[in-house]
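Note sheet for the following structure.
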Amino acid sequence: MLTSALVTIASINFDRIVDFYTQFLEIAPDRSIPNVYAEFSIAGLKLGIFCPHPSNRQEFGHPQQSGMSMCLEVESLEDSIDKLAKLGYAPPGQITTASHGREIYAYDPDGNRLILHQAA
C-alpha cells in the first residue's frame, strides 16, 4: 500500500536550483544534505532535489525534453510571474485561459517545466 510520494528533480547545478526553489517557494528545505539533497514540503507535496552521481549525470542532462511538468496552483498568477521575473526566470509565453482557470508555463534554471495555475 502506498504511504507517501514525492517528486524529485535532478540537477548538476544543485546550489543554483535549491536557491531558486527556496526563493520562489519562500520556504527553506525541510531536509538538506549539502551538495547532495534538499527536500521541500509544499501543500502536501514533497519536492526533492538531488545532485546525480557523476556516473548518471548524462541521463539527467536534458530536462527541457521531458514530458513531466510540475503544476503549482497559485493565488495570483501575476504575483507569481513577477516573482519569477525578479529571480531572472520570467515565463516566455502568455497567460492562457482554460476551462479550469488561467495558467502560464515557466521554467526553472535547469529548464524544468513549471505550470503556474490560478483556479477560475
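These numbers were taken from a predicted model, which means no experiment stands behind them.
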Quick one: do I12 and D110 satisfy side-chain contact (heavy atoms from CB on, under 4.5 Å)? Show the steps, please. CA-CA 9 Å; I12 59 172; D110 281 353; over 6 Å; no
I'd like to know whether Y107 forms a side-chain hydrogen bond (donor to acceptor under 3.5 Å, both in side chains) with N112, so could you lay out the CA-CA distance, the side-chain angles of the two residues, the decisive distance to 0.1 Å, and finally the verdict. CA-CA 5 Å; Y107 300 87; N112 296 296; over 6 Å; no
Apply the test side-chain contact (heavy atoms from CB on, under 4.5 Å) to residues L6 and T8: give CA-CA distance (whole Å), side-chain angles for both, the deciding distance (0.1 Å), then the verdict. CA-CA 6 Å; L6 74 137; T8 60; 3.5 Å; yes
Give the intermediate values and the outcome of side-chain contact (heavy atoms from CB on, under 4.5 Å) for residues D30 and S41. CA-CA 7 Å; D30 297 322; S41 294; 2.4 Å; yes
Go through the steps for N35 and D15 under the test side-chain contact (heavy atoms from CB on, under 4.5 Å), then give the verdict. CA-CA 7 Å; N35 301 310; D15 290 335; 3.6 Å; yes
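Here CZ of F50 is found 9.5 Å from OG of S11. Values are rounded to the nearest 0.5 Å. The distance from atom CD1 of I115 to atom CD of E73, rounded to the nearest 0.5 Å, is 12.5 Å. Of the inter-residue distances, the one linking I17 atom CD1 with I49 atom CD1 reads 6.0 Å to the nearest 0.5 angstrom. The SG atom of C71 sits 9.5 Å away from atom CG of L114, with the distance rounded to the nearest 0.5 Å.
A pairwise comparison of heavy atoms in I95 and I104 identifies N-CD1, 3.9 Å as the closest pair. Minimum interatomic distance between P109 and R16 (heavy atoms only, all atoms of both residues): O-NH2, 3.2 Å. Closest heavy-atom contact between L45 and M70: CD2-SD, 4.3 Å.
L77 is connected to L25 through a chain of hydrophobic side-chain contacts under 4.5 Å among Ile, Leu, Val, Met, Phe, Trp and Tyr, so both are in one cluster. V36 and I9 are not part of a single hydrophobic cluster, where members link through side-chain heavy atoms under 4.5 Å apart. In terms of hydrophobic clustering, with Ile, Leu, Val, Met, Phe, Trp and Tyr side chains grouped at heavy-atom distances under 4.5 Å, L47 and I27 are assigned to a common cluster. Each of Y21 and Y105 belongs to its own hydrophobic cluster when Ile, Leu, Val, Met, Phe, Trp and Tyr are linked at side-chain heavy-atom distances under 4.5 angstrom.
Using modelled atom types and a 3.5 Å distance limit, the side chains of E39 and Y37 yield a donor-acceptor pair.
Ring-plane geometry between F24 and F20 is classed as parallel, the angle between the planes falling under 30 degrees on a 0 to 90 degree scale with a further cut at 60.
The cationic atom of K46 (NZ for Lys, CZ for Arg) does not lie both less than 6.0 Å from the six-membered ring centre of F40 and within 45° of the ring axis.
Residue pairs meeting the side-chain hydrogen bond (donor to acceptor under 3.5 Å, both in side chains) criterion with at least one member in residues 86-102, sequence neighbours excluded: E78-R102, H100-E103, R102-Q118.
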